[in-house]
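No experiment lies behind these values; they were computed from the predicted model shown. Read the numbers this way: they start at 1 and go in the same order the structure lists the ligands and their atoms.
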Amino acid sequence: MTSVQTLVERRERLLGPGNPLFYDDPVHLVRGEGVWLHDADNNRFLDCYNNVPCVGHCHPRVVKALCEQASQLNTHTRYLHENILDYAERLLAKFDASLDRVALACTGSEANDLALRIARVNSGGEGFICTNATYHGNTTAVAQLSSIFEPIGGYGEHIRMVRWPDSYRPIGGLAGDALADAYVDEIKAAIESLERSGLRLAGMIACPIFANEGLPDVPRGYMEKAIACVRDAGGLFIADEVQSGFGRTGQWWGHEQSGVVPDIVTLGKPMGAGHPISGVVARGALLDNYRRHEMYFNTFGGNPVSCAVALAVIDVIDDEDLVANAAAIGRYVLDGFTELQAKHELIGDVRGRGLFFGIELVNDRETREPAAERARTIVNAMRHKGVLMSKIGEHDNVLKLRPPLCFSRDNADFLLATLDEVLAAV
Ligand code: PMP
C-alpha cells in the first residue's frame, strides 16, 4: 500500500505546496459507508465532520440514481429534460411559497456569485454587507465577501463588514434584545457608511446560523431586525444555506428558526451528497427580472445526472426521516457535550443546532481566552482515536462537528466517550 508520506510528497510535487490538508498526520481514505470512513490500512473512522455526504457516505439509493442516469444520458439544461423539472418541484416544495424559482449551478461559490448578481440587478445598488468572520466562496466577486481569506488586491469600496452576532463574547457585555439591537446597529452603520461613499445597498449575505463564524446562539430577534433593516435600505437578504441547509439544523433550512423568509437562498454542499450541484432559490420576480438583464447559463449546473442524484438525496432525507433524526440525536449529543463541559474546564461554551455543533475551548473560563492550540491538539488526538472533526471560529478555538444526518445514538455515545478521554488527556 502507498504510504501516507509518499502520497504527501507526490501531492506537493504535482499540486504544489499550500493545498489545505487536514491533520498533522494526514488521512488516506479509500472507502466510505454511512457514517464510517476507512483508510488504506483498514482503520475505521467515525465521520463527525462531513456535512456533504448528508445521507451517509455512498448511500445505495444515491449511487443507483447516479449510475442509472449516467448510463442513459447526460447533457445540459439547453435541452428539455424532466429531471430538472422534477427536482425543481421537489426542492421548491421545501421552501416558503414565496420562494418559487430556482437556478442550478455546481458549487456554493457559483450559487453565491449568482445571488450577488440577482441582488445587484433587482436593487439597483452595488454595496454588500457580510460579517467580519466568514467565508462564502472563491469567485472574485464572492471572495470580496469572505473575511477569512483576504482577496487579492484587497476589499473593494462596495464591501462593508459587520461584527457577527457573537453570544459568548457579546459586544458591550450586553444580552437579550439589547444585544440583538447592538449588532443590528452595526448593519445600520454599514448602510450609512455606504451611502456616505455614494453607494446604494444591494444586499447582505449571511449564513443564518453563522456557522463559519463559530455557530453562536444568535440573539433572539437579530435576524428579523437585520433583514428588515436591509430591506428598508432597498437591499435584498441572501441566506447562504450552503452549510446550514438540507436538514442540518433539525429543520430543512437554517433560516426557518428565525421565522423570516429571505429574499434569496443559496444552496450547495449536501445538495448532491458529494456530487457537485448547487442552487439559488429566490422569489420568482427577482430571478425573472435578473434573466431579462443577463443570460445565465451553467454548462454542468442542473444536468440530468446531477438532478437525478439531488432528487435521490431529497427522497432519502424524507424516507429515512433524517431531519427529525438530526433534531433528536442533535439534542442528545448537545446534552452529552454539556455534561462534558461540567467536567472539563477547557470547555467554555457548547452550542449547537440539530447535528451541527461548536464547542468553544478556553484557557480560562473567566477571561474566555481562546484555546486555539489545544483545539488543534484535540482535533489531532481525536483523529488518532478514530473520530474525524475539525475547528472553526474567529479565534480558531471552536471544535466543529457536523456528522452525516444518519448519525445514531450509538455513534453519539462513541463520540462522547472518545472526546471525554481526549479532553482528560489534554
Ligand atoms: N458558503 C459557505 C457558508 C461555505 O461554508 C462555503 C464553503 N465552505 C461556500 C459558500 C463555498 O462553497 P463551495 O466550496 O462549494 O464553492
message: With a 3.5 Å distance limit and no angle check, can you tell me whether S71 reaches the backbone of C67 through a side-chain donor-acceptor pair?
response: yes
- prompt: Is a donor on one side and an acceptor on the other found under 3.5 Å between the side chain of R351 and the backbone of L215?
  reply: yes
query: Who passes side chain to side chain contact (heavy atoms under 4.5 Å, CB included) against A141, sequence neighbours left out?
result: D113, L116, T139
- prompt: Of all residues at least two apart in sequence or in a different chain, which pass the salt bridge (charged side-chain N to carboxylate O under 4.0 Å, His left out) check with R368?
  reply: none
field: Counterpart residues, salt bridge (charged side-chain N to carboxylate O under 4.0 Å, His left out), relative to R163 (two or more places apart)
entry: E186
- prompt: If you count only heavy atoms, which residues are under 4.0 Å from ligand 1?
  reply: T107, G108, S109, N112, Y135, H136, G137, N212, D240, V242, Q243, K269
query: Any idea how H255 and F95 line up, ring-wise: parallel (<30°), tilted (30 to 60°), or perpendicular (>60°)?
result: parallel
